[in-house]
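Have a look at the structure below, then the notes.
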Amino acid sequence: MVDQSSQNEDLMQDSNLNEHHHSSEDSFQSLIEENLGAEPAEKVNQDVGAGRGVYISTYGCQMNVNDSERMYSLLEMQNFVPVQTPEEADLILVNSCSIREKAVHKVYSEVGTFRKLKDKKPDLKIGVGGCVGQQEKENLIKTQPMIDFVFGTDQIDNLPQLVAQIYTDKTKRISAKFEHRAPYHVETLVRNPGVATFVNIAKGCDNFCTFCVVPYTRGREKSRPLQHILADVRTLIQRGVKEVTLLGQNVNSYKDSGIDFADLMAAVATETDIERIRFTTSHPKDFNQKLADTMALHNTKIMEYVHLPCQSGSSRVLDRMNRNYTREHYLEKIAMLKKSIPNLVLSTDIIVGFPGETEEDFMETVNLVHEVGFETIFAFKYSPRPFTKAAKFEDQIDEAVKTERLNRLFDSHDAMAFEMVKSYEGQILKILVEKADREFGKVQGRSTSNKLVHFLGSPDLIGKTVDVKITKAFPAVFRGELVQ
Ligand code: SAH
Ligand code: SF4
Ligand code: F3S
């Protein structure tokens, strides 16, 4: 496994640039590619941000949302001031996502909208980070000269140094190496954590599902030490946090010298005063009885909701996806979970139109959705990604067929989901109130099973768990009344 991963990664680092992109041109010889990080952030010029505003545009998953928070925090230490619009900014960062189609195109079109700003403000600097930055490296600057620097997903902690250099020597830079050997030691940096927040426990992915770009854009899997995670959770509690979501590309392959993900969850439940624990995303192949038992044992704290991406209901397709489970295995895991956690609510991710998917394969997916009874599905048309095996499969599916299948899947799920959520009407749920609604006089929060609920209530309720009677239930959102 390890061998295969490192081999794949080397391939990505060395040859893909030639395969997918243009070769270097004379005019870009001044580009500097390097692995920064020699100097800790504190030593970097603190004043570079003084009088300057920073705006970050964030795409993609919760990892990226967390990374953007980290970037803001690090730049604030350099005296940059976060601003609400690109127009007010002196530094604009695009934190990009590459999971599906047109990822690079989206970066270019967003950067294109900053052209006028740069004309007006010649000192405006534009940087691209995130998964497209990691994937494309110098090609971004070569194609779009308005971009001043590119930084990879492992280079966020070096952002202060990179930005300081960009402002001083005016040379374009790329910093996109993976920190292979460095342990994953980061303190959670969130500016305003609110009531419910995320804590990274692992980064990267070694699974190499044949459709997925993440192993190439986030590098090898690494776990944070248990004690660091516990310390973060305790600090967040002191800042008013009541609920944490433990975050990783594949949380249940978490490892810290003999401690697995179930042990980690048990430790967070018993060794901190956190009220609610959630986690995402888990991989079906690693979801075991021990984890289900841990959820059941700590069911007052660990929430009764699991997002378990199946991707397909056809064993033949799952095999070609390199998911390492069959339809039958998946259903066994679901049965085990439902048995251990009686009120469990499930959601999933699905890809339709994976290369070679037949109508029969697709119908197996539709049937699986009904058999399991997912309250929520996140379904996507297959999109070929750079570096991935499936992008080279010859039996790619027509776009029109993908669209038709996706619509059919959503229609079929909608009918079931509207029916399923009706049973919540009249029930009293425990809601952790997260914030005031846009609608005056209302607040919103989440149920133990992760349902978003809006109801009339005072902002004093924020941070409290209250009983709410559900009056109207739609698949994505509920309305209710506070039970006094
Ligand atoms: N680590 C998670 C998934 C992270 S990506 C897991 O293994 O479940 C989030 C979702 O994006 C995936 O579950 C998948 O459904 C979808 N996805 C990933 N690559 C895709 C691609 N090439 N085309 C379409 N959807 C994709
Ligand atoms: Fe991508 Fe998830 Fe598969 Fe990893 S486990 S390769 S992140 S889909
Ligand atoms: Fe996108 Fe990278 Fe997350 S590709 S989904 S931002 S890990």
Side-chain angles (χ1 to χ4, degrees), residues 1 4-5 8-9 12 57-68 94-104 106-107 128-136 152-154 156 198 200-221 247-254 279-287 306-313 317-318 320-325 330 333 347-355 357 365 374 376-393 396-397 399 402-403 405-406 409:
M1 186 68 204
Q4 182 213 349
S5 323
N8 275 336
E9 185 169 299
M12 190 274 284
S57 171
T58 307
Y59 296 83
C61 62
Q62 196 54 49
M63 292 273 171
N64 259 16
V65 175
N66 257 19
D67 286 349
S68 288
V94 180
N95 192 8
S96 59
C97 169
S98 179
I99 201 78
R100 281 174 289 275
E101 71 215 317
K102 298 193 187 133
V104 181
K106 278 183 205 154
V107 169
V128 177
C131 288
V132 179
Q134 188 66 55
Q135 174 188 309
E136 296 296 315
T153 52
D154 254 5
I156 294 170
F198 292 81
N200 282 46
I201 64 161
K203 71 171 175 186
C205 183
D206 292 350
N207 284 324
F208 290 94
C209 301
T210 56
F211 52 81
C212 184
V213 76
V214 171
Y216 306 95
T217 60
R218 295 274 166 174
R220 299 289 55 77
E221 200 170 276
L247 194 62
Q249 287 305 335
N250 181 13
V251 286
N252 37 22
S253 58
Y254 176 88
F279 55 94
T280 200
T281 302
S282 17
H283 193 298
K285 77 176 163 61
D286 301 318
F287 214 114
V306 175
H307 178 66
L308 198 64
C310 63
Q311 311 301 354
S312 168
V317 173
L318 288 168
R320 296 188 84 209
M321 286 176 163
N322 191 32
R323 291 289 288 180
N324 280 302
Y325 54 86
Y330 186 85
K333 302 265 167 154
S347 64
T348 200
D349 289 347
I350 292 166
I351 295 179
V352 301
F354 184 79
E357 184 190 68
T365 302
F374 295 110
T376 312
I377 62 169
F378 301 88
F380 315 96
K381 290 191 273 184
Y382 168 72
S383 164
R385 307 313 301 135
F387 321 129
T388 60
K389 268 196 185 161
K392 300 191 195 89
F393 289 174
Q396 301 287 328
I397 303 288
E399 209 47 39
K402 290 185 202 170
T403 306
R405 286 184 186 162
L406 185 68
L409 175 62

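Each residue takes its place number in the sequence, starting with 1. Fair warning: this is a prediction, and the values are worked out from it, not measured in the lab. Atoms within each ligand, like the ligands themselves, are counted from 1 in listed order.
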Worksheet entry | Output field: ring centroids Phe354/Phe380 closer than 6.0 Å | no
Fill in: Short side-chain donor-acceptor distance under 3.5 Å, Ser312 and Glu357
no
Worksheet item: Taking all atoms of both residues into account, what is the closest heavy-atom pair of Asn66 and Asn200, and its distance?
Response: ND2-OD1, 2.6 Å
Worksheet item: Between the side chains of Asn207 and Lys285, is a donor N or O closer than 3.5 angstrom to an acceptor N or O?
Response: yes
Practice prompt. Enumerate the protein residues lying less than 4.0 Å from ligand 1, judged by heavy-atom distances, in chain and residue-number order.
Written response: Ile99, Arg100, Phe211, Gln249, Thr281, Pro309, Gln311, Arg323, Asp349, Ile351, Phe380, Lys381, Tyr382, Ser383, Arg385
Worksheet, complete the sentence: among protein heavy atoms, the one nearest atom 6 (S) of ligand 3 is Asn64 ND2, 3.3 Å
Item to complete: May I ask you to list the atoms of ligand 3 that are less than 4.0 angstrom from any heavy atom of Cys131?
Response: 2 (Fe), 4 (S), 6 (S), 7 (S)
Practice prompt. Drop me the distance from Phe387's CZ to Lys392's NZ, to the nearest 0.5 angstrom.
Written response: 9.5 Å
Worksheet entry | Atoms of ligand 3, numbered as shown, that sit under 4.0 Å from any heavy atom of Arg218 | 2 (Fe), 6 (S), 7 (S)
Worksheet item: Out of curiosity, is Gln62 lining ligand 3, as in a heavy atom under 4.0 Å away?
Response: no
Worksheet item: Is the shortest heavy-atom distance from the side chain of Leu308 to the side chain of Phe287 under 4.5 Å?
Response: yes
Fill in: Electrostatic pair Lys203:Asp67 at N-O distance under 4.0 angstrom
no
Worksheet item: Are Gln62 and Thr280 close enough, and set up right, to give a side chain to side chain donor-acceptor pair (under 3.5 Å), and what steps lead you there?
Response: CA-CA 9 Å; Gln62 196 54 49; Thr280 200; over 6 Å; no
Worksheet item: Taking all atoms of both residues into account, what is the closest heavy-atom pair of Ser282 and Asn252, and its distance?
Response: CB-ND2, 3.0 Å
Worksheet item: How about Phe198 and Met63: do any of their side-chain heavy atoms sit closer than 4.5 Å?
Response: no
Worksheet item: For ligand 3, which atoms sit closer than 4.0 Å to a heavy atom of Cys97?
Response: 1 (Fe), 4 (S), 5 (S), 6 (S)
Discussion item. Before you tell me yes or no, could you show the steps for Ser347 and His307 under side chain to side chain donor-acceptor pair (under 3.5 Å), namely the whole-Å CA-CA distance, both residues' side-chain angles and the distance that decides it to 0.1 Å?
Written reply: CA-CA 5 Å; Ser347 64; His307 178 66; 2.8 Å; yes
Item to complete: Salt-bridge test for Glu101 and Lys381: reply yes if a basic N is under 4.0 Å from a carboxylate O, no otherwise.
Response: no
Discussion item. Can you classify the ring geometry of Tyr330 versus Tyr325 as parallel (below 30°), tilted (30 to 60°) or perpendicular (above 60°)?
Written reply: tilted
Worksheet, complete the sentence: Within the 4.0 Å heavy-atom cut-off around ligand 2, the contacting residues, ordered by chain and number, are Cys205, Asn207, Phe208, Cys209, Phe211, Cys212, Val214, Pro215, Gln249, His283, Arg323
Practice prompt. Go through ligand 3 atom by atom and flag the ones less than 4.0 Å from a non-hydrogen atom of Ser98.
Written response: 1 (Fe), 4 (S)
Worksheet item: Hey, is there an N, O or S on Cys61 sitting under 2.8 Å from atom 3 (Fe) of ligand 3?
Response: yes
Worksheet item: Against heavy atoms of Gln249, which atoms of ligand 3 measure under 4.0 Å?
Response: 7 (S)
